[in-house]
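This report concerns only the one structure given below.
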Protein chains: 2
Amino acid sequence: MNKKLEHKLKDNSIKPTAMRLLVLKFLTEQNKAVSLQDIELAFERADKSTLFRTLKTFESSKIIHSIEDGTGHLKYALCLEGCNCSPIDLHYHFHCNVCKETFCLTELNVPTIELPKNFEMQQANMVIKGICGTCK
Amino acid sequence: MNKKLEHKLKDNSIKPTAMRLLVLKFLTEQNKAVSLQDIELAFERADKSTLFRTLKTFESSKIIHSIEDGTGHLKYALCLEGCNCSPIDLHYHFHCNVCKETFCLTELNVPTIELPKNFEMQQANMVIKGICGTCK
DNA sequence: TAAATTGATGCAAGTGAGTTGCAAAGTTTA
DNA sequence: TAAACTTTGCAACTCACTTGCATCAATTTA
Ligand SMILES: [Mn+2]
Ligand SMILES: [Mn+2]
Ligand SMILES: [Zn+2]
Ligand SMILES: [Zn+2]
(Lines give C-alpha, C1' and ligand atoms only; values in the text may rest on other atoms or scores of the structure.)
(Ligands and ions follow the chains in the order given, each with its own letter.)
Protein backbone atom coordinates (compact mmCIF):
# COMPACT_ATOMS: atom_id res chain seq x y z
CA MET A 1 0.00 0.00 0.00
CA ASN A 2 2.52 2.59 1.13
CA LYS A 3 4.83 1.45 -1.63
CA LYS A 4 2.08 2.18 -4.08
CA LEU A 5 1.51 5.67 -2.72
CA GLU A 6 5.23 6.28 -2.74
CA HIS A 7 5.39 5.33 -6.40
CA LYS A 8 2.48 7.55 -7.22
CA LEU A 9 4.46 10.50 -5.93
CA LYS A 10 7.75 9.46 -7.49
CA ASP A 11 6.06 8.98 -10.83
CA ASN A 12 5.07 12.61 -10.64
CA SER A 13 8.51 13.79 -9.54
CA ILE A 14 7.28 14.58 -6.04
CA LYS A 15 9.60 13.67 -3.23
CA PRO A 16 7.66 11.25 -1.03
CA THR A 17 8.12 12.83 2.36
CA ALA A 18 6.40 11.46 5.43
CA MET A 19 3.89 14.28 5.46
CA ARG A 20 3.03 13.93 1.81
CA LEU A 21 2.53 10.20 2.13
CA LEU A 22 0.21 10.72 5.07
CA VAL A 23 -1.84 13.29 3.20
CA LEU A 24 -2.02 11.13 0.10
CA LYS A 25 -3.08 8.15 2.20
CA PHE A 26 -5.76 10.24 3.87
CA LEU A 27 -7.09 11.42 0.53
CA THR A 28 -7.15 7.86 -0.74
CA GLU A 29 -9.29 6.76 2.18
CA GLN A 30 -12.01 9.33 1.64
CA ASN A 31 -15.15 8.76 -0.35
CA LYS A 32 -15.80 12.47 -0.43
CA ALA A 33 -13.94 15.63 -1.28
CA VAL A 34 -12.14 17.22 1.65
CA SER A 35 -11.06 20.72 2.51
CA LEU A 36 -7.75 22.01 3.78
CA GLN A 37 -9.39 22.30 7.17
CA ASP A 38 -10.52 18.70 7.13
CA ILE A 39 -6.92 17.70 6.59
CA GLU A 40 -5.69 20.08 9.27
CA LEU A 41 -8.02 18.39 11.72
CA ALA A 42 -6.80 14.97 10.70
CA PHE A 43 -3.16 15.94 11.23
CA GLU A 44 -3.07 18.36 14.09
CA ARG A 45 0.67 18.15 14.33
CA ALA A 46 1.23 19.44 10.83
CA ASP A 47 1.23 23.06 9.84
CA LYS A 48 -1.53 24.49 7.74
CA SER A 49 0.83 25.99 5.20
CA THR A 50 2.64 22.71 4.74
CA LEU A 51 -0.65 20.99 4.10
CA PHE A 52 -1.71 23.80 1.81
CA ARG A 53 1.45 23.51 -0.21
CA THR A 54 1.16 19.75 -0.29
CA LEU A 55 -2.30 20.06 -1.81
CA LYS A 56 -1.11 22.59 -4.37
CA THR A 57 1.75 20.30 -5.30
CA PHE A 58 -0.59 17.36 -5.72
CA GLU A 59 -3.01 19.45 -7.71
CA SER A 60 -0.49 20.76 -10.17
CA SER A 61 0.66 17.20 -10.78
CA LYS A 62 -2.94 16.18 -11.35
CA ILE A 63 -2.90 13.65 -8.56
CA ILE A 64 -5.87 15.50 -7.12
CA HIS A 65 -8.35 18.05 -8.42
CA SER A 66 -10.15 20.82 -6.59
CA ILE A 67 -13.81 21.70 -6.48
CA GLU A 68 -15.39 25.06 -5.73
CA ASP A 69 -18.59 23.87 -4.14
CA GLY A 70 -19.81 27.26 -3.03
CA THR A 71 -19.14 26.70 0.66
CA GLY A 72 -16.13 28.96 0.65
CA HIS A 73 -13.92 25.96 1.44
CA LEU A 74 -12.17 24.63 -1.61
CA LYS A 75 -12.47 20.85 -1.71
CA TYR A 76 -9.96 18.33 -2.98
CA ALA A 77 -10.35 14.79 -4.22
CA LEU A 78 -8.15 12.18 -5.85
CA CYS A 79 -8.13 12.08 -9.59
CA LEU A 80 -8.98 8.80 -11.20
CA GLU A 81 -6.19 6.67 -12.60
CA GLY A 82 -4.91 8.24 -15.80
CA CYS A 83 -6.80 11.48 -15.33
CA ASN A 84 -5.39 14.45 -17.12
CA CYS A 85 -8.02 16.92 -15.88
CA SER A 86 -8.86 17.67 -19.49
CA PRO A 87 -12.45 18.19 -20.65
CA ILE A 88 -12.76 14.53 -21.46
CA ASP A 89 -11.85 13.53 -17.90
CA LEU A 90 -14.34 15.77 -16.18
CA HIS A 91 -17.18 14.65 -13.95
CA TYR A 92 -19.94 16.35 -12.01
CA HIS A 93 -19.87 16.93 -8.28
CA PHE A 94 -22.64 16.83 -5.77
CA HIS A 95 -22.89 19.01 -2.71
CA CYS A 96 -25.47 18.01 -0.12
CA ASN A 97 -27.32 20.93 1.42
CA VAL A 98 -28.00 18.88 4.53
CA CYS A 99 -24.79 17.10 5.49
CA LYS A 100 -22.67 19.63 3.58
CA GLU A 101 -20.51 16.93 2.07
CA THR A 102 -19.24 17.12 -1.48
CA PHE A 103 -18.92 14.02 -3.62
CA CYS A 104 -17.37 13.22 -6.97
CA LEU A 105 -19.92 11.70 -9.33
CA THR A 106 -17.28 9.82 -11.25
CA GLU A 107 -19.76 7.38 -12.79
CA LEU A 108 -20.88 10.01 -15.24
CA ASN A 109 -18.58 12.11 -17.37
CA VAL A 110 -19.50 15.63 -18.34
CA PRO A 111 -20.87 15.45 -21.87
CA THR A 112 -19.76 17.70 -24.67
CA ILE A 113 -21.56 20.97 -24.17
CA GLU A 114 -22.46 23.08 -27.14
CA LEU A 115 -20.68 26.37 -26.66
CA PRO A 116 -21.12 29.61 -28.56
CA LYS A 117 -19.06 29.94 -31.70
CA ASN A 118 -15.31 30.11 -31.07
CA PHE A 119 -15.55 29.31 -27.38
CA GLU A 120 -13.12 26.66 -26.21
CA MET A 121 -13.58 24.56 -23.11
CA GLN A 122 -10.48 23.81 -21.09
CA GLN A 123 -11.70 22.94 -17.61
CA ALA A 124 -14.94 23.02 -15.69
CA ASN A 125 -16.33 23.23 -12.20
CA MET A 126 -19.65 21.46 -12.13
CA VAL A 127 -21.49 21.30 -8.86
CA ILE A 128 -24.99 20.00 -8.38
CA LYS A 129 -26.57 20.89 -5.07
CA GLY A 130 -29.36 19.12 -3.29
CA ILE A 131 -29.90 16.25 -0.92
CA CYS A 132 -27.74 13.17 -0.95
CA GLY A 133 -28.93 9.59 -0.61
CA THR A 134 -27.99 9.37 3.04
CA CYS A 135 -29.79 12.54 4.03
CA LYS A 136 -32.88 11.85 1.96
CA MET B 1 -37.50 51.90 -18.86
CA ASN B 2 -37.17 53.10 -15.30
CA LYS B 3 -40.84 52.41 -14.77
CA LYS B 4 -40.25 48.85 -15.82
CA LEU B 5 -37.39 48.42 -13.40
CA GLU B 6 -39.45 49.98 -10.67
CA HIS B 7 -42.22 47.51 -11.30
CA LYS B 8 -39.81 44.63 -11.27
CA LEU B 9 -38.87 45.58 -7.73
CA LYS B 10 -42.38 46.32 -6.58
CA ASP B 11 -43.57 43.00 -7.96
CA ASN B 12 -41.09 41.37 -5.65
CA SER B 13 -42.03 43.51 -2.65
CA ILE B 14 -38.76 45.39 -2.77
CA LYS B 15 -38.95 49.09 -2.13
CA PRO B 16 -37.55 50.78 -5.25
CA THR B 17 -35.02 53.11 -3.72
CA ALA B 18 -32.72 55.20 -5.89
CA MET B 19 -29.77 52.98 -5.17
CA ARG B 20 -31.62 49.79 -5.93
CA LEU B 21 -32.89 51.14 -9.20
CA LEU B 22 -29.41 52.16 -10.22
CA VAL B 23 -28.01 48.76 -9.38
CA LEU B 24 -30.82 46.99 -11.20
CA LYS B 25 -30.32 49.20 -14.22
CA PHE B 26 -26.61 48.47 -14.18
CA LEU B 27 -27.21 44.74 -14.01
CA THR B 28 -29.66 45.00 -16.88
CA GLU B 29 -27.08 46.68 -19.07
CA GLN B 30 -24.43 44.00 -18.65
CA ASN B 31 -23.96 41.12 -20.99
CA LYS B 32 -21.81 39.38 -18.41
CA ALA B 33 -21.96 38.47 -14.76
CA VAL B 34 -20.54 41.11 -12.44
CA SER B 35 -19.02 41.05 -9.00
CA LEU B 36 -19.73 43.21 -5.99
CA GLN B 37 -16.49 44.99 -6.77
CA ASP B 38 -17.53 45.70 -10.32
CA ILE B 39 -20.60 47.40 -8.96
CA GLU B 40 -18.61 49.29 -6.35
CA LEU B 41 -16.46 50.68 -9.12
CA ALA B 42 -19.50 51.70 -11.12
CA PHE B 43 -21.02 53.55 -8.16
CA GLU B 44 -18.17 54.99 -6.19
CA ARG B 45 -20.51 57.08 -4.09
CA ALA B 46 -22.33 54.09 -2.72
CA ASP B 47 -21.17 51.99 0.17
CA LYS B 48 -20.01 48.44 -0.30
CA SER B 49 -22.33 47.07 2.34
CA THR B 50 -25.35 48.77 0.83
CA LEU B 51 -24.50 47.29 -2.54
CA PHE B 52 -23.86 43.95 -0.91
CA ARG B 53 -27.23 43.98 0.79
CA THR B 54 -28.92 45.13 -2.39
CA LEU B 55 -27.51 42.13 -4.21
CA LYS B 56 -28.58 39.75 -1.46
CA THR B 57 -32.06 41.24 -1.55
CA PHE B 58 -32.27 40.82 -5.31
CA GLU B 59 -30.91 37.31 -5.09
CA SER B 60 -33.37 36.10 -2.51
CA SER B 61 -36.19 37.47 -4.64
CA LYS B 62 -34.74 35.60 -7.63
CA ILE B 63 -34.29 38.76 -9.64
CA ILE B 64 -30.65 37.79 -9.96
CA HIS B 65 -28.64 34.64 -9.42
CA SER B 66 -25.08 34.22 -8.30
CA ILE B 67 -22.26 32.22 -9.82
CA GLU B 68 -19.21 30.83 -8.08
CA ASP B 69 -16.80 30.97 -10.98
CA GLY B 70 -13.71 30.03 -9.02
CA THR B 71 -12.15 33.47 -9.11
CA GLY B 72 -12.97 34.13 -5.48
CA HIS B 73 -15.33 36.91 -6.55
CA LEU B 74 -18.94 35.82 -6.53
CA LYS B 75 -20.64 36.97 -9.72
CA TYR B 76 -24.21 38.09 -10.20
CA ALA B 77 -26.42 38.18 -13.25
CA LEU B 78 -30.05 38.90 -14.00
CA CYS B 79 -32.37 35.96 -14.04
CA LEU B 80 -34.39 35.44 -17.17
CA GLU B 81 -38.04 36.45 -17.16
CA GLY B 82 -40.03 33.97 -15.13
CA CYS B 83 -36.98 32.25 -13.67
CA ASN B 84 -37.51 30.45 -10.44
CA CYS B 85 -33.91 29.26 -10.07
CA SER B 86 -35.20 25.71 -9.96
CA PRO B 87 -33.35 22.86 -11.68
CA ILE B 88 -35.44 23.37 -14.79
CA ASP B 89 -34.35 27.00 -15.06
CA LEU B 90 -30.64 26.36 -14.79
CA HIS B 91 -28.05 27.17 -17.41
CA TYR B 92 -24.31 26.76 -17.74
CA HIS B 93 -21.81 29.56 -17.24
CA PHE B 94 -18.58 30.24 -19.01
CA HIS B 95 -15.52 31.78 -17.45
CA CYS B 96 -12.81 32.96 -19.82
CA ASN B 97 -9.29 32.23 -18.61
CA VAL B 98 -7.97 35.13 -20.68
CA CYS B 99 -10.29 38.09 -20.17
CA LYS B 100 -11.55 36.68 -16.85
CA GLU B 101 -15.15 37.49 -17.70
CA THR B 102 -18.00 35.20 -16.77
CA PHE B 103 -21.01 34.76 -19.03
CA CYS B 104 -24.39 33.14 -18.71
CA LEU B 105 -24.94 30.59 -21.44
CA THR B 106 -28.67 31.00 -21.34
CA GLU B 107 -29.21 29.46 -24.75
CA LEU B 108 -28.69 26.02 -23.32
CA ASN B 109 -30.40 24.67 -20.24
CA VAL B 110 -28.72 22.19 -17.98
CA PRO B 111 -30.06 18.77 -18.95
CA THR B 112 -31.36 16.27 -16.44
CA ILE B 113 -28.34 14.63 -14.94
CA GLU B 114 -28.52 11.06 -13.79
CA LEU B 115 -27.79 11.12 -10.09
CA PRO B 116 -27.10 8.21 -7.77
CA LYS B 117 -30.15 6.58 -6.23
CA ASN B 118 -32.05 8.83 -3.84
CA PHE B 119 -30.08 11.96 -4.64
CA GLU B 120 -32.20 15.03 -5.30
CA MET B 121 -31.04 18.03 -7.29
CA GLN B 122 -32.15 21.42 -6.01
CA GLN B 123 -29.71 23.91 -7.46
CA ALA B 124 -26.45 23.85 -9.38
CA ASN B 125 -23.37 25.87 -10.09
CA MET B 126 -22.08 24.94 -13.49
CA VAL B 127 -19.02 26.72 -14.75
CA ILE B 128 -17.14 25.88 -17.89
CA LYS B 129 -13.70 27.45 -18.14
CA GLY B 130 -11.72 28.14 -21.25
CA ILE B 131 -11.31 30.80 -23.88
CA CYS B 132 -14.19 32.94 -25.05
CA GLY B 133 -14.98 33.92 -28.60
CA THR B 134 -13.47 37.36 -28.24
CA CYS B 135 -10.20 36.13 -26.81
CA LYS B 136 -9.85 33.22 -29.20
C1' DT C 1 33.49 12.71 5.54
C1' DA C 2 32.54 17.50 5.33
C1' DA C 3 30.70 21.31 2.96
C1' DA C 4 27.42 23.02 -0.19
C1' DT C 5 23.17 22.85 -2.40
C1' DT C 6 18.46 21.90 -2.79
C1' DG C 7 14.09 21.42 -1.14
C1' DA C 8 10.55 20.84 2.70
C1' DT C 9 8.62 22.54 6.83
C1' DG C 10 6.90 25.65 10.60
C1' DC C 11 5.76 29.99 12.23
C1' DA C 12 3.96 34.32 11.92
C1' DA C 13 2.03 37.77 9.53
C1' DG C 14 -0.54 39.49 5.61
C1' DT C 15 -4.42 39.63 2.06
C1' DG C 16 -8.91 40.43 0.66
C1' DA C 17 -13.69 39.21 -0.21
C1' DG C 18 -17.43 38.99 2.32
C1' DT C 19 -20.15 40.07 6.37
C1' DT C 20 -22.04 42.31 10.54
C1' DG C 21 -23.27 45.80 14.39
C1' DC C 22 -24.81 49.97 15.06
C1' DA C 23 -26.10 54.67 14.61
C1' DA C 24 -27.87 58.10 11.39
C1' DA C 25 -31.00 59.23 7.75
C1' DG C 26 -35.07 58.49 5.35
C1' DT C 27 -39.83 56.69 4.82
C1' DT C 28 -44.35 55.09 6.22
C1' DT C 29 -48.06 54.68 9.50
C1' DA C 30 -51.07 55.99 13.24
C1' DT D 1 -46.57 65.42 14.46
C1' DA D 2 -44.79 61.39 16.72
C1' DA D 3 -43.79 56.66 16.65
C1' DA D 4 -42.43 52.67 14.02
C1' DC D 5 -40.06 50.75 10.49
C1' DT D 6 -36.62 50.46 6.70
C1' DT D 7 -32.51 51.69 4.30
C1' DT D 8 -27.96 53.41 4.24
C1' DG D 9 -23.02 54.43 5.59
C1' DC D 10 -19.21 53.60 8.37
C1' DA D 11 -16.13 50.90 10.71
C1' DA D 12 -14.74 46.88 12.34
C1' DC D 13 -14.56 42.02 12.04
C1' DT D 14 -14.27 37.13 10.15
C1' DC D 15 -12.11 33.66 8.00
C1' DA D 16 -10.07 31.01 4.22
C1' DC D 17 -6.27 31.37 1.90
C1' DT D 18 -1.53 32.84 0.90
C1' DT D 19 3.27 34.41 1.50
C1' DG D 20 8.04 35.64 3.48
C1' DC D 21 11.43 33.93 5.80
C1' DA D 22 14.16 31.28 8.97
C1' DT D 23 15.11 26.56 10.09
C1' DC D 24 15.61 21.83 9.21
C1' DA D 25 16.44 17.63 6.46
C1' DA D 26 17.95 15.26 2.55
C1' DT D 27 20.80 14.95 -1.28
C1' DT D 28 24.77 16.13 -4.04
C1' DT D 29 29.41 17.67 -4.63
C1' DA D 30 34.18 18.32 -3.42
MN1 LIG E 1 -14.20 15.14 -8.53
MN1 LIG F 1 -26.44 32.77 -15.26
ZN1 LIG G 1 -26.14 14.62 2.75
ZN1 LIG H 1 -12.29 36.13 -22.91
Side-chain angles (χ1 to χ4, degrees), chain A residues 5-6 8-10 12-26 33-61 63-77 95 100-102 125 127, chain B residues 5-6 8-10 12-26 33-61 63-77 95 100-102 125 127:
Chain A
L5 297 180
E6 208 174 313
K8 193 163 188 166
L9 295 184
K10 281 182 177 165
N12 285 282
S13 319
I14 298 169
K15 212 183 291 183
T17 64
M19 198 68 249
R20 285 169 174 170
L21 284 169
L22 283 170
V23 172
L24 183 56
K25 182 158 174 285
F26 179 77
V34 296
S35 68
L36 174 56
Q37 281 191 18
D38 293 333
I39 299 176
E40 263 189 280
L41 283 175
F43 302 103
E44 300 203 1
R45 311 294 304 275
D47 186 77
K48 182 171 47 165
S49 59
T50 303
L51 297 172
F52 169 76
R53 287 187 272 232
T54 297
L55 289 171
K56 290 304 167 202
T57 301
F58 287 1
E59 188 178 19
S60 60
S61 291
I63 289 174
I64 63 176
H65 60 281
S66 60
I67 308 121
E68 282 267 348
D69 62 10
T71 59
H73 300 60
L74 195 60
K75 301 288 167 62
Y76 300 89
H95 176 74
K100 315 293 181 192
E101 306 278 11
T102 298
N125 186 71
V127 181
Chain B
L5 298 179
E6 209 173 314
K8 193 163 187 167
L9 295 184
K10 282 181 178 165
N12 285 282
S13 319
I14 297 169
K15 214 182 292 183
T17 65
M19 197 69 249
R20 284 168 176 171
L21 284 169
L22 283 170
V23 172
L24 183 56
K25 180 157 176 286
F26 180 76
V34 295
S35 67
L36 173 57
Q37 282 193 14
D38 292 333
I39 299 176
E40 265 187 277
L41 283 175
F43 302 103
E44 301 204 0
R45 311 293 304 277
D47 187 77
K48 180 171 54 163
S49 60
T50 302
L51 297 172
F52 169 75
R53 288 187 274 231
T54 297
L55 290 171
K56 290 304 168 202
T57 301
F58 287 0
E59 188 178 18
S60 60
S61 291
I63 291 175
I64 61 175
H65 61 280
S66 61
I67 308 121
E68 282 266 350
D69 64 9
T71 59
H73 300 59
L74 194 59
K75 301 287 166 63
Y76 300 89
H95 176 74
K100 314 292 183 194
E101 307 279 11
T102 298
N125 187 73
V127 181

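Chain letters run A, B, ... following the sequence lines, proteins first and then strands; every chain starts at 1. As a basis for the values below, the full set of heavy atoms in this structure was taken, side chains included, without hydrogen atoms, waters or symmetry mates.
Scanning both residues, A/Val23 and A/Phe58, for their nearest heavy atoms gives CG1-CE2, 4.0 Å. In plain terms, the two heavy atoms of A/Glu59 and A/Ser66 that are nearest each other are OE2-OG, 2.5 Å. Considering all non-hydrogen atoms of both residues, B/Thr102 and B/His95 come closest at OG1-ND1, 2.9 Å.
Across its full length, the helix from C/dT1-D/dA30 to C/dA30-D/dT1 shows an angle of 10° between the axes of its 5 terminal pairs at either end, rounded to 10 degrees.
Taking a 6.0 Å sphere around NZ of B/Lys25, one finds it holds 12 or fewer heavy atoms contributed by other residues, nucleotides or ligands.
The separation between B/Gln37 atom CD and C/dG16 atom P is 9 Å, rounded to whole Å. To the nearest angstrom, P of C/dG18 lies 15 Å from CG of A/Leu74. One can place CG of B/Leu36 at 15 Å from P of C/dG16, the figure rounded to the nearest angstrom. If you take CD of A/Glu44 and P of C/dG10, they are 14 Å apart, rounded to a whole angstrom. Whole-Å rounding puts the A/Leu9 CG to C/dG7 C1' distance at 15 Å. Put simply, CG on B/Leu22 is 14 Å from C1' on D/dT8, counting in whole angstrom units. Between B/His73 atom NE2 and C/dT15 atom P the separation is 15 Å, expressed in whole Å. Distance, B/Asp69 CG to C/dA17 P: 13 Å, rounded to whole Å.
Atom CD in B/Glu44 sits 9.0 Å away from atom CD in B/Glu40 (nearest 0.5 Å). Between atom CZ of residue B/Arg20 and atom CG of residue B/Leu5 there is a gap of 14.0 Å, rounded to the nearest 0.5 Å. The NZ atom of A/Lys48 sits 13.5 Å away from atom CD1 of A/Ile39, with the distance rounded to the nearest 0.5 Å. The distance from the CZ atom of B/Phe43 to the OG1 atom of B/Thr50 is 12.5 Å, given to the nearest 0.5 Å.
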Dump the intermediate steps for side-chain contact (heavy atoms from CB on, under 4.5 Å) on B/Leu74 and B/Ile67, then the final yes or no. CA-CA 6 Å; B/Leu74 194 59; B/Ile67 308 121; 5.9 Å; no

Under the criterion side-chain contact (heavy atoms from CB on, under 4.5 Å), I'd like the reasoning laid out for A/Lys100 against A/Asp69: C-alpha separation, chi angles, the key distance, then a yes or no. CA-CA 10 Å; A/Lys100 315 293 181 192; A/Asp69 62 10; over 6 Å; no

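Proximity of residues 12-20 of chain B to DNA chain D (heavy atom under 4.0 angstrom from any strand atom) is restricted to B/Lys15, B/Thr17, B/Met19, B/Arg20. Contacts between residues 47-59 of chain B and DNA chain C, defined by a heavy-atom separation under 4.0 Å, are made by B/Lys48, B/Ser49, B/Phe52, B/Arg53, B/Lys56.
Residues B/Phe26 and B/Val34 form a side-chain contact, since some pair of their non-hydrogen atoms from C-beta on lies under 4.5 Å apart.
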